[in-house]
Structure formats: C-alpha cells, structure tokens
**Q** 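Quick one: the structure is below, questions incoming.
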Amino acid sequence: MIEEPSELLSQEPPATETGAALPFPFNQQTFCRYEPIEKQIDKVRVLVVDSLLRDENDLSEVARSNWGDTTSLEIKRERRIAEMAIENILSNIERLVKTPTTKVTPLGSIAVAARQFKPDAIVLSGTLRDFDYYRPAVIETFAEFIRANAIPVLAICGGHQLVGLAFGAHVITLDRLEQHEQRDNRPLEYQYRFVRITAPQDPIFRGINSPAEGLLHDPQQAHVLRVWQNHGLQLDRVPQEFDLLATSYLCRNQMMVKRSDGQLIYTVQFHLEKSFEDWNKSRTRWEHQNESRDGRILFENFLSLALAHQAT
C-alpha cells in the first residue's frame with residue numbers, strides 16, 4: 001500500500017478562489033461524514049425473496065446447454081452471490097427497524113410464503129443471470145403472483161426487471177440488444193452513479209434533499225440520487241400503470257412505482273441495499289458503510305409507506 005507523506009497530510013488545502021466554483025456534480029463532497037442512524041420504525045414483517053437461481057431445477061434448457069459440464073460450478077457461484085445479496089437486505093431491515101421479523105423464500109415459492117407468513121412488505125433481491133436461463137415456469141409463477149398481489153413490494157435490480165417482465169416490459173442490454181445477442185462484454189452501469197429524480201414529490205424521496213439530513217448533496221442543487229449500480233440489462237419501457245420516478249443517461253428506467261388496483265410496488269434498478277455494507281468485511285474496498293446514504297433513506301421510506309398502505 002502506498003502512503004502519502006505525513007507533511008502533505010498535515011497541510012490545509014488551498015482556498016478556492018471566488019467565482020471558481022465547479023458545477024454540479026463536481027462540487028460535491030468526496031467523502032462521507034459519520035451519520036448516526038436512529039431506528040424510527042417500531043416493527044415490521046418483511047418477506048425477503050431470493051431471486052437468484054437456486055438449483056438445477058430452476059434452469060432452462062438454454063442454461064443447461066450453455067453451461068454444460070460447468071453447471072454445478074455456476075450454481076455454486078449463484079448461491080454465493082445470493083448469500084451476499086440477502087445478507088445486505090436483512091442488514092438494512094435490522095438496522096432500520098426496532099423489532100423486525102423476516103423470512104427468506106426462493107422466487108418460485110413466493111406465493112406460498114406470502115400466504116403463510118403474512119408480511120407487511122416484500123423485498124425482491126437482485127439477480128445474476130439472464131432471464132432466459134430461468135425455467136419459464138419460475139418466471140410465469142412469479143408473474144402471476146405479482147400481478148394479483150396486494151402486499152407492498154420493493155424490487156431491487158434484477159427484481160425490478162422481473163416486475164417489468166410481469167407487466168409487459170422487455171429486458172434488453174444497455175445498448176438495446178437482446179440478452180442472447182450479447183452475453184459477454186456488455187456495457188455496464190457500475191459503482192456509485194448519479195441518478196436524476198423525475199418525480200420529487202413522491203413520498204419515497206422524503207428527506208433526500210433535506211438540509212438537515214443532506215450529507216452528500218447540496219439541497220439547492222437538482223434532485224439527484226447517489227446510488228450503487230451493477231447491471232448490464234435494463235427494461236425497454238415503463239409498463240402501463242407504472243410511473244417513472246428516476247432516470248439516468250445509460251438506463252432510462254431507474255425507478256418506478258405502481259399505485260393502481262390496490263397495489264404499491266416500488267422498483268429500483270440500482271442497489272439501494274448497499275447502504276449498510278460493513279467496512280470491516282473487506283478492508284481493501286473503498287466503500288464506506290454509509291456511502292450510499294440515499295439508498296438507506298429510500299429503504300426506510302419504503303418500509304414506512306408499506307406499513308401505512310397495509311393500515312388503509
């Protein structure tokens with residue numbers, strides 16, 4: 001590791017000349033201040049859905065053909081990623097709620113789990129593989145559930161795309177190719193990125209631009225989220241009855257909501273659950289555990305909105 005000389009670390013940075021201020025977003029802070037988190041939600045029951053492939057029974061013929069002899073290794077990789085994804089979601093819930101009750105279920109069992117567990121909210125994890133690697137019955141079973149479901153839903157990354165598929169959208173690459181046309185070397189939206197809010201009046205954004213809470217953003221600037229991205233696929237449109245909430249230059253549909261037919265479904269293309277990654281788990285990585293402060297606020301707001309929706 002290369003360390004900076006101590007004499008350089010002790011020097012104060014030169015004062016910025018008047019009139020030389022950089023434009024947004026280059027005038028934003030490059031560090032994250034310590035922010036204590038006070039739990040505002042007393043209790044909530046959350047069903048967390050593991051959307052990744054579970055075993056060979058979940059695989060389509062396309063996956064079996066492409067993976068061949070490496071199928072078992074690919075499934076093991078899928079399960080390692082699933083463990084991290086679910087852990088991040090559970091960590092958010094545990095740190096935001098005083099008395100949380102959670103249950104984890106596979107994607108294919110979501111209807112049975114929701115009926116038995118009776119959650120206040122459902123959170124869908126992201127995915128790793130293209131959707132034509134899933135056995136069609138798995139996707140169809142989920143689609144039937146989500147179209148009829150009345151429990152509030154938060155869908156993350158690949159979960160966002162699963163919801164879009166269920167309501168008539170199509171999944172394509174960031175350069176608008178079919179999934180099978182570009183399996184490798186796709187353009188990616190990766191690491192922390194700025195996403196523009198298109199519907200700032202939505203209650204999911206409560207507190208994002210508050211001067212009292214604004215640690216990463218200048219509240220006088222445009223409505224912008226700073227969130228973690230890691231995807232090479234996107235939805236080709238905003239499905240009917242959904243409203244677009246946020247967008248970016250690489251991926252138009254970054255966030256959407258459905259509030260019709262008694263449903264409350266929020267979906268995000270980015271990983272808002274990255275807001276509570278523990279620094280001591282991987283000291284060589286540069287993310288601070290509060291780096292994605294915006295993701296934490298969105299997650300907390302969703303849980304509050306879910307409880308309010310269930311109470312009506």
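Every value quoted in this text rests on a predicted model; they were computed, and no experiment measured them.
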**Q** Set out, in order, the CA-CA distance, both residues' side-chain angles and the distance that settles salt bridge (charged side-chain N to carboxylate O under 4.0 Å, His left out) for Asp294 and Lys274, then state yes or no.
**A** CA-CA 10 Å; Asp294 291 349; Lys274 287 281 290 184; over 6 Å; no

**Q** Name the atoms and distances for all side-chain donor-acceptor pairs under 3.5 Å in residues 104-119, with sequence neighbours left out.
**A**
{"from": "Lys118", "atom 1": "NZ", "to": "Arg115", "atom 2": "O", "distance (Å)": "3.2"}

**Q** Quick one: do Arg259 and Glu241 make a salt bridge, cutoff under 4.0 Å?
**A** no

**Q** Give every donor-acceptor pair under 3.5 Å between a side-chain atom in residues 297-310 and any protein atom, sequence neighbours left out.
**A**
{"from": "Asn301", "atom 1": "OD1", "to": "Arg206", "atom 2": "NH2", "distance (Å)": "3.3"}
{"from": "Asn301", "atom 1": "ND2", "to": "Ile204", "atom 2": "O", "distance (Å)": "2.8"}
{"from": "Asn301", "atom 1": "ND2", "to": "Arg206", "atom 2": "O", "distance (Å)": "2.8"}
{"from": "Asn301", "atom 1": "ND2", "to": "Ile297", "atom 2": "O", "distance (Å)": "3.4"}
{"from": "Ser304", "atom 1": "OG", "to": "Glu300", "atom 2": "O", "distance (Å)": "3.3"}
{"from": "His309", "atom 1": "NE2", "to": "Gly262", "atom 2": "O", "distance (Å)": "3.2"}

**Q** Who pairs with Phe145 by ring pair (Phe, Tyr, Trp, His ring centres under 6.0 Å), at least two apart in sequence or on another chain?
**A** none

**Q** Listed by chain and number, what are the ring pair (Phe, Tyr, Trp, His ring centres under 6.0 Å) partners of Phe131, not counting sequence neighbours?
**A** Tyr134

**Q** Between Lys258 and Asp261, is there a salt bridge with N-O shorter than 4.0 Å?
**A** yes

**Q** Leu245 pairs by side chain to side chain contact (heavy atoms under 4.5 Å, CB included) with which of Thr267, Val195, Asp202, Val238?
**A** Asp202

**Q** Looking at CZ of Arg80 and CD1 of Ile75, how far apart are the two atoms once the value is rounded to the nearest 0.5 Å?
**A** 11.5 Å

**Q** Over all heavy atoms of both residues, which pair between Gly232 and Arg186 is shortest? Give the atoms and the distance, please.
**A** O-CD, 4.1 Å

**Q** Exactly one of Val257, Ile151, Ile146 should register a side chain to side chain contact (heavy atoms under 4.5 Å, CB included) with Ile265. Which one does?
**A** Ile146

**Q** Would you please name every residue forming a side-chain contact (heavy atoms from CB on, under 4.5 Å) with Thr198, sequence neighbours left out?
**A** Arg196, Leu244, Thr247

**Q** Please give the remaining members of the hydrophobic cluster of Leu177, linking ILVMFWY side chains under 4.5 Å, ordered by chain and number.
**A** none

